[in-house]
Amino acid sequence: MAQTLVEKIFSRASGKEVKAGEFVMADIDLAMIHDITAPLAIKAFREILGENAKVWDNKKVIMAFDHQVPADSVHAAENHKMLRKFAEEQGILNYDVKGGIAHQIMVENHVEPGMLIVGADSHTCMYGALGAFATGIGSTDMGFVLAMGKLWFKVPESIKFNVHGKLERHVYGKDIVLKLIGMVGADGANYKACIYAGEVVEKLGMADRLTMCNMAIEMGGKAGIVEPDKTTLEYLKAMGRPYDGELMKSDEDATFQEVELDVTGMEPQVAAPHRVDNVVGISEVEGTRVDQVFIGSCTNGRYEDLKIAAEILKGETVASNVRLIVIPASVREYKRALKDGLIEIFVDAGALVEAPCCGPCMGGSFGLIASGEVSVSTSNRNFIGRQGSPEGKIYLVNPAVAAATAIYGEITDPRKIK
C-alpha cells in the first residue's frame with residue numbers, strides 16, 4: 001500500500017499499517033508543556049492517576065517557560081513555582097526561563113525526523129520542518145499523554161503544497177505561507193497535514209521551513225511538514241545532533257490533495273487585520289501608519305530573520321513615532337546575533353532588545369498595544385486583542401518589511417530602500 005509520510009509515521013507509532021481516515025492509539029515520542037498550558041495538563045494528569053503519580057516517561061517530557069517570562073504577575077510567579085516543583089519531583093527536563101521559546105528549544109535540542117510529537121500549544125506543528133509529525137493538543141489531552149504516553153488520533157489526510165518559480169528579493173518563507181493561507185482560507189486545511197514541496201521549498205533553509213510549518217495551523221492544518229532531506233541533516237548536525245537514522249518519505253504514488261503556487265513575481269505578503277487569511281500584497285497597504293514593530297516569535301525570531309532585519313536597520317534610526325521590539329527565539333539564536341553584532345545594530349537604531357521569550361505575540365506579557373494603535377509584527381496571529389487592546393490592529397509581515405516599516409513609521413516595501 002502506497003503511503004504518505006504521515007501514514008508511515010502513524011504506522012510506526014501504532015504498530016500496524018494504517019491509512020488516512022483510520023483511528024489509532026499511537027505511542028508518543030515527545031511531549032512539550034510550557035508555563036501557560038502545563039498547569040491544566042498537570043491537573044488532568046493527577047485526576048487520572050492521583051496526586052503522587054509519575055509521568056509515563058520523564059525522559060520524553062520537556063518543559064519550558066516562555067509566555068510570561070520573567071514572571072510579570074504574582075499569579076505567573078506562583079504558576080512557575082508550582083511547575084518547577086512538579087518538574088523536580090518528576091525528573092522532567094525543565095528549561096525554565098533560561099532557554100527561550102519552547103518550540104525553538106524543541107527543534108534545536110530534541111526533534112528528529114519521523115517522530116510523533118505533541119505539545120500543549122497550537123504552534124507545535126513547527127517541528128514538522130524536520131520531517132516529524134508534530135501537533136498541538138489541549139491540556140486535558142496532554143494530561144492523558146503524561147499519564148499513558150499514548151493518544152487517540154484520526155490519521156490525517158495530506159495536502160501537498162507544490163511551490164514553484166523564483167522568489168523576489170525580500171520575499172521569504174513567511175510570504176509563501178501567508179500567500180497559501182490566503183489562497184485556501186483559515187479552514188482550508190482543517191485536520192490535514194500540510195506538506196510543503198516543490199523546487200522553491202527544496203532550496204529554502206531551515207529557518208524558512210520552520211516559519212512555514214509553524215503557520216500550518218493558521219489554515220486549520222493538523223501539522224506542517226517538509227519531508228526530510230540534506231538540509232534537515234545539515235541542520236541537525238549544526239545543532240550538535242547528527243542523525244543517521246531512516247529518513248522516511250512519502251511513496252511516489254501516495255495519495256495527496258495538491259495545491260500549486262508559482263511565486264515568480266510575488267511581492268511581500270501582509271496579513272491585514274483581523275484574520276491571518278486576510279492576505280494582500282504589500283502594495284495594497286503601503287503607507288499605513290504604525291505605532292509598534294515586533295521582530296521575533298517562534299515564527300520569525302531566528303538568527304536568519306534577525307540578520308535580514310539588521311541588514312536593513314544598520315546605520316538607520318527607528319522612526320520617532322515607532323517602538324521597535326526585537327526578541328530572539330532562543331538563547332542560542334540570541335548568542336549568534338550577539339556574536340555577529342546584530343544586537344548592537346538594533347540597539348543603535350533605537351530598538352528594545354529583550355531576552356528570548358514570546359513577548360508581545362500572545363498579548364499576555366509585555367509590549368502590548370493600546371486602543372487605536374497599529375502593530376506590524378513578524379509573529380503568526382493578528383486576531384482581535386492578540387497583542388493587547390481589542391481596539392488595536394495587527395499586520396503580519398516578514399522581517400524585512402518589519403525593519404523597513406520601523407525606519408519609516410509606516411508600512412514600507414523593503415525592496416524600495418535596500
Test side-chain contact (heavy atoms from CB on, under 4.5 Å) on T135 and L116 and set out the steps.
CA-CA 8 Å; T135 193; L116 176 58; 5.8 Å; no
Side chains of N380 and T299 only: does a donor on one sit below 3.5 Å from an acceptor on the other?
yes
Here the gap from C298 atom SG to M126 atom CE, rounded to the nearest 0.5 Å, amounts to 6.0 Å
Within this structure, what is the OG1-NE2 distance for the pair T124 and H34, rounded to the nearest 0.5 Å?
7.0 Å
Does the ring centre of F153 sit less than 6.0 Å away from the ring centre of F23?
no
Do the charged groups of D96 and K98 touch, with an N to O distance under 4.0 Å?
no
Other residues, nucleotides and ligands only: do more than 12 of their heavy atoms fall within 6.0 Å of CG on D253?
yes
Within the structure provided, determine whether P273 and I394 are in side-chain contact (heavy-atom separation under 4.5 Å).
no
Heavy atoms of other groups near M148 CE, more than 12 under 6.0 Å
no
Measure from the ring center of F133 to the ring center of F10 and say whether it is less than 6.0 Å.
yes
For K160, look at atom NZ and say whether over 12 heavy atoms of other residues, nucleotides or ligands are found less than 6.0 Å away.
yes
Basic-acidic side-chain contact under 4.0 Å: E88, K85:
no
Would you check if the side chain of T211 reaches a backbone N or O of A207 as a donor-acceptor pair within less than 3.5 Å?
yes
Can you name the closest pair of heavy atoms from E333 and Y303 and give their distance?
OE2-N, 2.9 Å
Approximate separation, where rounding is to 0.5 Å, of F366 CZ and D72 CG:
9.0 Å
Can you establish whether the number of heavy atoms outside R275 located under 6.0 Å from its atom CZ is more than 12?
no
Going through the distances and angles, do I105 and I101 end up as a side-chain contact (heavy atoms from CB on, under 4.5 Å)?
CA-CA 6 Å; I105 292 170; I101 301 175; over 6 Å; no
So V276 and N382, do their side chains get closer than 4.5 Å, heavy atoms only?
yes
Determine whether L83 and P39 make a side-chain contact, defined as any pair of heavy atoms from C-beta on separated by less than 4.5 Å.
yes
Evaluate the salt bridge (Lys or Arg N to Asp or Glu O under 4.0 Å) criterion for residues K43 and E47: first the C-alpha distance (whole Å), next the side-chain angles of each, then the deciding distance (0.1 Å), finally the verdict.
CA-CA 6 Å; K43 181 175 182 290; E47 288 174 352; 2.7 Å; yes
Considering only NZ, NE, NH1 and NH2 on the basic side and carboxylate oxygens on the acidic side, decide whether D291 and R289 come within less than 4.0 Å.
yes
Could you report the tightest heavy-atom contact between I28 and A31, atom names first, then the distance?
CG2-N, 4.4 Å
Side-chain donor or acceptor of Y196 paired with backbone N/O of E202 under 3.5 Å
no
NZ of K8: more than 12 outside heavy atoms within 6.0 angstrom?
yes
Residue that, paired with F161, satisfies side-chain contact (heavy atoms from CB on, under 4.5 Å) out of V201, V177, V184
V184
Step by step, work out the side-chain hydrogen bond (donor to acceptor under 3.5 Å, both in side chains) result for D66 and Y95.
CA-CA 10 Å; D66 56 9; Y95 285 92; over 6 Å; no
Evaluation steps, side-chain contact (heavy atoms from CB on, under 4.5 Å), between M212 and C194
CA-CA 10 Å; M212 292 175 66; C194 301; over 6 Å; no
Smallest heavy-atom separation, R332 atom then A238 atom, equals NH2-O, 3.8 Å
Is it true that atom CD of E157 has more than 12 heavy atoms of other residues, nucleotides or ligands lying nearer than 6.0 Å?
no
Is D229 salt-bridged to R209, cutoff N-O under 4.0 Å?
yes
Do K60 and D29 sit within salt-bridge range, that is, some charged N less than 4.0 Å from a carboxylate O?
no
Residue pair H170 / N398, side-chain donor-acceptor N/O under 3.5 Å
no
Hey, does I195 have a side-chain heavy atom less than 4.5 Å from the side chain of I159?
no
One should read off an interatomic distance between W152 CH2 and F144 CZ, to the nearest 0.5 angstrom, of 9.0 Å
Donor-acceptor pair, side chain of T378 and main chain of G296, under 3.5 angstrom
yes
Heavy-atom side-chain proximity of T232 to Y243 below 4.5 angstrom
no
Tell me, please, which residues at least two apart from H80 pass side chain to side chain donor-acceptor pair (under 3.5 Å).
none
Check the pair D35 / N79 against side-chain hydrogen bond (donor to acceptor under 3.5 Å, both in side chains), numbers first and verdict last.
CA-CA 7 Å; D35 52 319; N79 260 348; over 6 Å; no
Which pair of heavy atoms, one from L178 and one from M215, lies closest together, and at what distance?
CD2-CE, 3.8 Å
Where do M115 and L30 come nearest, in terms of heavy atoms and distance?
SD-CD1, 3.7 Å
Can you find a side-chain donor-acceptor pair between Q68 and S73 that sits under 3.5 Å?
no
CD1/I384 to NE2/H274 distance, rounded to the nearest 0.5 angstrom?
4.5 Å
Compile the donor-acceptor pairs under 3.5 Å between side chains in residues 217-228 and protein atoms, sequence neighbours left out, one pair per line.
| from | atom 1 | to | atom 2 | distance (Å) |
| --- | --- | --- | --- | --- |
| E218 | OE1 | R381 | NE | 3.0 |
| E218 | OE2 | H123 | NE2 | 2.6 |
| E218 | OE2 | R381 | NE | 3.0 |
| E227 | OE1 | S250 | N | 3.1 |
| E227 | OE2 | S250 | N | 3.4 |
| E227 | OE2 | S250 | OG | 2.4 |

Do T405 and E410 have a side chain donor and acceptor closer than 3.5 Å?
no
Between A404 and I417 the two heavy atoms that sit nearest each other are CB-CD1, 3.5 Å
In Å, rounded to the nearest 0.5 Å, how long is the span from NZ of K192 to OG of S158?
9.5 Å
Pair S283, E267: side-chain N/O donor-acceptor within cut-off below 3.5 Å:
yes
Distance only, no hydrogens: is a donor on one side chain within 3.5 Å (strictly under) of an acceptor on the other, for S377 and S375?
no
Taking the side chain as every heavy atom from C-beta outward, state whether P268 and V397 have any pair of such atoms under 4.5 Å apart.
no
For the pair S122 (side chain) and G136 (backbone), establish whether a donor and an acceptor sit closer than 3.5 Å, ignoring hydrogens and angles.
no
Salt-bridge present (D57, K59; N to O < 4.0 Å):
no
If you define the side chain from C-beta out and look only at heavy atoms, does anything of L261 sit under 4.5 Å from N162?
no
Indicate yes or no: at least one non-hydrogen side-chain atom of V290 is less than 4.5 angstrom from one of V322.
yes
Which is it for L352 and R323 under the side-chain contact (heavy atoms from CB on, under 4.5 Å) test, yes or no, and what are the steps along the way?
CA-CA 8 Å; L352 298 174; R323 311 180 296 272; 5.8 Å; no
Whether E89 and K54 form a salt bridge (side-chain N of Lys/Arg under 4.0 Å from carboxylate O of Asp/Glu) is what I want to check.
no
